[in-house]
Amino acid sequence: MSTNKDIATEPKRKSSALNDPQVRGYIFQTLLIAFLVWFGWVIFQNTLHNMESRGITTGFDFLQNPAGFEILMSLIPYSSNDTYGRTFVVGLLNTVLVAGLGIFFATILGFIIGIARLSKNWLVAKVASVYVETLRNIPLLLQIFFWYFAVLQPLPSPRQSIDFASAVFANNRGLYVPAPIAGDGLGAVIVIFFLGIIGSIFMVKWARKRQEATGQQFPVLYASLGLIIGLPIITYFILGAPLTWEMPELKGFNFKGGVRVIPELIALLLALTTYTASFIAEIVRAGIQSVAHGQTEAAAALGIRRSVALRLIIIPQAMRVVIPPLTSQYLNLAKNSSLATAIGYPDIVSVFMGTTLNQTGQAVEIVAMTMGVYLVISLTLSFFMNWYNKSMALKER
Amino acid sequence: MMGKYVEKEALPPPVSTSGPIAWVRDNLFNSPLSTILSLLTIYLLWNIIPPIFSWAFFDANFAGDNVDACTGTGACWVFIKVRLNFFIYGFYAEAERWRVDLSFLLLAIAVVPQFFDKFPYKMWLGVASVTLLPLIVGTLLIGGVLGLPPVETHQWGGLMLTLVLSYVGIVAALPFGVILALGRRSEMPTVRMVCVAFIELWRGVPLISVLFMASVMLPLFLPDGWDFQKLLRALIGITMFQSAYMAEVIRGGLQAIPKGQVEAAAALGLGYWRSMGLIVLPQALKLVIPGIVNTFIALFKDTTLVLIIGLLDILATVQSSIVDPAWRGVAAEGYVFAAFCFWVFCFGMSKYSQALERKLHTGHKR
């Protein structure tokens with residue numbers, strides 16, 4: 001039997017170095033790295049060998065080759081003589097377009113429905129909850145198919161278009177809306193619009209400083225509305241309304257003029273918006289409910305009006321709970337926009353990972369580039385939302 | 001001085017505070033805005049609900065066995081009736097479909113008791129449903145042993161394939177998710193970095209690109225002579241993708257376990273694996289069951305994406321039947337049917353996970 005003294009003088013007699021957690025940690029990490037390097041090397045070798053035996057070239061030279069296929073919709077000039085590199089950009093822009101519009105509309109619709117679910121009006125609350133429970137339990141792809149194949153495709157042909165005020169026409173080839181044509185001086189209106197935004201930012205800062213110093217409030221909302229909307233409208237009419245609209249017109253079997261919104265975009269946007277809105281509605285509802293009731297009561301006790309309490313007390317606190325899950329919904333929406341490929345909307349997956357991949361066969365480069373795009377979109381969005389979250393977070397002193 | 005008594009009109013009875021009229025006044029017309037909203041909603045519903053009902057039931061066709069039976073203006077449910085077996089089994093050999101039915105039954109026996117509070121051996125059934133059940137059902141469906149003729153996986157389809165994909169996806173992702181979650185909380189920097197990179201990579205890309213990768217790139221990664229069937233490739237992709245999400249859910253559970261538990265385990269002389277396996281994980285996994293059910297719902301809906309790489313899940317069977325020239329104009333019926341199938345599963349599961357959350361959440365409620 002050893003005594004205390006023995007232990008003190010010979011502390012490491014019994015344990016080998018293998019029992020030291022730190023040493024074990026090093027061994028384990030070395031083994032992990034060795035395994036990963038070996039695994040990566042095997043895959044790399046296999047890939048090289050397989051590509052060689054299938055006659056697939058490697059490298060990014062294919063981006064300079066002419067693509068030779070048409071794309072249904074493009075935000076930048078594109079023809080089949082352009083390069084594969086340009087198909088990448090076209091697809092990327094289409095993805096960004098549908099994701100951006102989707103986030104915009106889904107946020108608005110989601111907030112409306114989320115607040116409606118908490119409405120004291122029983123009917124409104126029930127309709128909102130039926131909406132949420134129905135849409136979020138049906139796969140998005142199914143909803144896209146529904147809008148595209150069951151709603152938009154059976155629309156009448158251009159000659160029997162559904163007519164909205166003789167300006168907007170809906171038929172099975174898409175939605176035709178008037179196209180804006182800029183006249184002289186429209187640039188000035190736009191410049192004044194942006195100046196109005198900058199001006200109101202400064203005004204908000206000034207008004208806050210003045211309120212802190214003197215306690216007097218300044219009608220910030222009306223003043224900034226005047227700056228951002230009123231001023232440009234006045235300029236617009238002073239300059240003689242320099243904006244005309246080109247109306248779509250039925251010529252022969254199809255429409256000429258105006259802007260054609262392809263049905264693929266409409267179906268995708270409708271499905272993405274309504275589907276994501278059902279999730280956002282739940283987030284908003286949970287956020288508002290998470291604000292302790294005592295906060296509303298305290299505001300009422302201080303004599304703060306309900307609308308002001310909502311704006312200054314409830315919503316800022318609800319936003320803290322809302323923003324992190326809202327961020328992941330935005331990310332989901334951006335990633336879900338890749339379902340475009342199922343109905344042929346020319347997004348990056350459909351154009352680049354679909355057609356271009358089929359034509360060149362360079363799977364590794366193309367899949368890596370596409371996944372890279374989504375990673376960058378995800379990281380950018382979450383960076384931006386984290387920044388916003390930090391600015392809204394509880395400031396603890 | 002006493003004035004003359006003048007009889008005053010009696011006060012009207014107080015407004016009723018109970019009963020249907022009071023309810024309507026309080027809940028539908030309690031303010032001008034509310035009144036406007038109520039009237040608008042009633043108008044909208046009046047324009048939406050009756051047409052839907054007459055389409056789905058009153059004007060619909062139920063009898064018959066081909067497209068000519070559909071003469072009414074309503075839905076053509078004949079289409080669903082005729083194609084129902086295809087929607088459930090895909091091209092699974094007709095003589096062998098009892099195996100699929102038996103699998104459904106086994107799944108129901110393992111899963112349904114989880115919805116009841118005090119069912120005998122509930123926990124063991126739950127454990128069996130993620131360990132034993134996949135093995136039995138796998139043997140049953142694939143065949144080739146015990147005198148069961150083999151059924152090629154490319155014949156699988158319909159609801160059965162959807163269930164196989166989501167079930168295998170979630171069960172296979174569970175162990176990977178546990179390892180990744182533990183790795184992300186590890187004190188070894190390399191392990192942590194590898195796990196974070198893996199998780200964030202898969203969470204940052206859409207499932208569809210993962211499926212593309214699994215079907216196009218995976219064959220390039222493998223040595224000569226290795227060839228996976230399309231279903232297996234899709235399953236590998238789904239498992240990779242799902243394990244990243246699973247890891248994040250489990251990490252949430254791990255974070256909820258107080259540090260004292262690990263310290264107590266260490267004080268009792270348990271090493272890392274035993275303290276995790278015996279003390280932390282059992283508590284953490286129980287906490288995250290609602291989260292796992294929620295990821296399962298998401299995965300269940302996402303399995304529809306396999307139709308893009310050419311697998312025949314329930315949506316794909318509906319889609320291919322719609323474009324069949326023998327049936328025209330039945331798109332809405334097909335989608336409504338598929339949507340209903342998904343809705344029943346997802347709604348049931350989400351109600352289950354909400355009930356679990358309420359049971360586990362014993363804090364103050366208002």
Side-chain angles (χ1 to χ4, degrees), chain A residues 21 25-26 28-30 32-33 36 42-43 45-47 49-51 53-54 56 116 119-124 127 133-134 136-143 145-146 149-151 153-154 292-293 331 334-339 341-342 349 353-354 357 363-364 367 370-371 374-375 377-379, chain B residues 23 26-28 30-31 33-34 37-38 41-42 44-45 187-191 194 200-201 203-210 212-213 216-217 219-224 272 297 300-305 307-308 315 318-319 322 329 331-332 334-336 338-339 342-347 350 366:
Chain A
Y26 286 133
F28 192 70
Q29 294 184 59
T30 322
L32 180 74
I33 292 173
L36 285 179
V42 167
I43 282 187
Q45 285 300 317
N46 281 339
T47 313
H49 173 77
N50 280 326
M51 293 214 292
S53 62
R54 291 175 201 196
I56 303 172
S119 166
K120 287 208 180 82
N121 188 321
W122 180 85
L123 198 59
V124 172
V127 168
E133 289 300 349
T134 311
R136 71 173 182 167
N137 285 322
I138 295 174
L140 177 60
L141 188 62
L142 181 55
Q143 298 191 31
F145 278 173
F146 178 80
F149 291 109
V151 176
Q153 276 199 344
H293 198 60
L331 293 178
K335 286 184 278 173
N336 281 336
S337 70
S338 60
L339 297 188
T341 178
V349 172
M353 205 149 82
L357 175 61
V364 178
V367 172
T370 315
M371 284 189 159
Y374 280 103
L375 276 180
I377 291 178
S378 294
L379 290 178
Chain B
W23 184 89
D26 284 351
N27 288 295
L28 301 183
N30 53 0
S31 71
L33 179 70
S34 182
L37 281 176
S38 293
T41 317
I42 291 170
L44 266 178
L45 291 180
E187 280 164 15
M188 293 181 265
T190 331
V191 176
V194 169
E200 295 304 328
L201 178 76
R203 272 161 40 98
V205 296
L207 178 59
I208 192 163
S209 65
V210 176
F212 259 110
M213 194 181 113
V216 182
M217 265 162 84
L220 290 180
F221 290 159
L222 296 171
D224 282 338
Y272 177 79
I297 296 173
F300 189 71
K301 288 184 289 175
D302 277 348
T303 51
T304 48
L305 303 197
L307 84 84
I308 291 166
L315 182 56
V318 169
Q319 184 72 8
I322 286 169
Y335 293 134
V336 168
F342 278 105
W343 187 84
V344 168
F345 275 95
C346 295
F347 186 71
S350 75
R366 208 176 158 102

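In what follows, chains carry the letters A, B, and so on, assigned in the order in which the sequence lines appear, proteins first and then strands, with residues in each chain numbered from 1. Atom set for the values below is all heavy atoms of this structure, side chains included, hydrogens, waters and symmetry mates excluded.
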So for [X], is it side chain, backbone, both, or neither that comes closer than 4.5 Å to the heavy atoms of chain A?
X: B:Val344; value: neither
X: B:Leu307; value: side chain
X: B:Ile42; value: both
X: B:Ile308; value: side chain

Identify which part of [X] has an atom lying under 4.5 Å from any heavy atom of chain B, answering side chain, backbone, both or neither.
X: A:Val349; result: side chain
X: A:Leu357; result: side chain
X: A:Leu36; result: side chain
X: A:Thr47; result: both
X: A:Leu32; result: side chain
X: A:Leu375; result: both

What heavy-atom pair brings [X] and [Y] nearest, and what distance separates the two atoms?
X: A:Phe149; Y: B:Ala331; answer: O-CB, 4.1 Å
X: B:Ala338; Y: A:Leu142; answer: C-CD2, 3.8 Å
X: A:Leu123; Y: B:Ser38; answer: CD2-O, 3.9 Å
X: B:Lys301; Y: A:Pro139; answer: O-CB, 3.6 Å

Within the structure provided, determine whether A:Gln29 and B:Pro189 are in side-chain contact (heavy-atom separation under 4.5 Å).
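Answer yes - side chains close enough.
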
Between B:Ala332, B:Cys346, B:Pro206, who has the most heavy-atom pairs with chain A when the cutoff is under 4.5 Å?
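Looking at each option in turn, the highest pair count goes to B:Pro206.
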
For B:Arg203, does its backbone N or O pair with a side-chain atom of A:Lys335 as donor and acceptor, under 3.5 Å?
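Yes; at least one donor-acceptor contact below 3.5 Å.
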
Pairwise distance [atom1]([X]) to [atom2]([Y]) - rounded to 0.5 angstrom:
X: A:Lys120; Y: B:Ser31; atom1: NZ; atom2: OG; answer: 9.0 Å
X: B:Phe347; Y: A:Thr134; atom1: CZ; atom2: OG1; answer: 8.5 Å
X: B:Trp343; Y: A:Ile138; atom1: CH2; atom2: CD1; answer: 8.5 Å
X: A:Ser338; Y: B:Leu305; atom1: OG; atom2: CG; answer: 7.5 Å
X: B:Gln319; Y: A:Phe145; atom1: CD; atom2: CZ; answer: 4.5 Å
X: A:Tyr26; Y: B:Thr190; atom1: OH; atom2: OG1; answer: 9.5 Å

Using a cut-off of under 4.5 Å for heavy-atom pairs, which of A:Asn50, A:Asn137, A:Val151 has the most such pairs with chain B?
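The answer is A:Asn137.
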
What is the ring orientation for A:Trp122 with B:Trp23, classed by angle as parallel under 30°, tilted 30 to 60°, or perpendicular over 60°?
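Plane angle over 60°, so perpendicular.
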
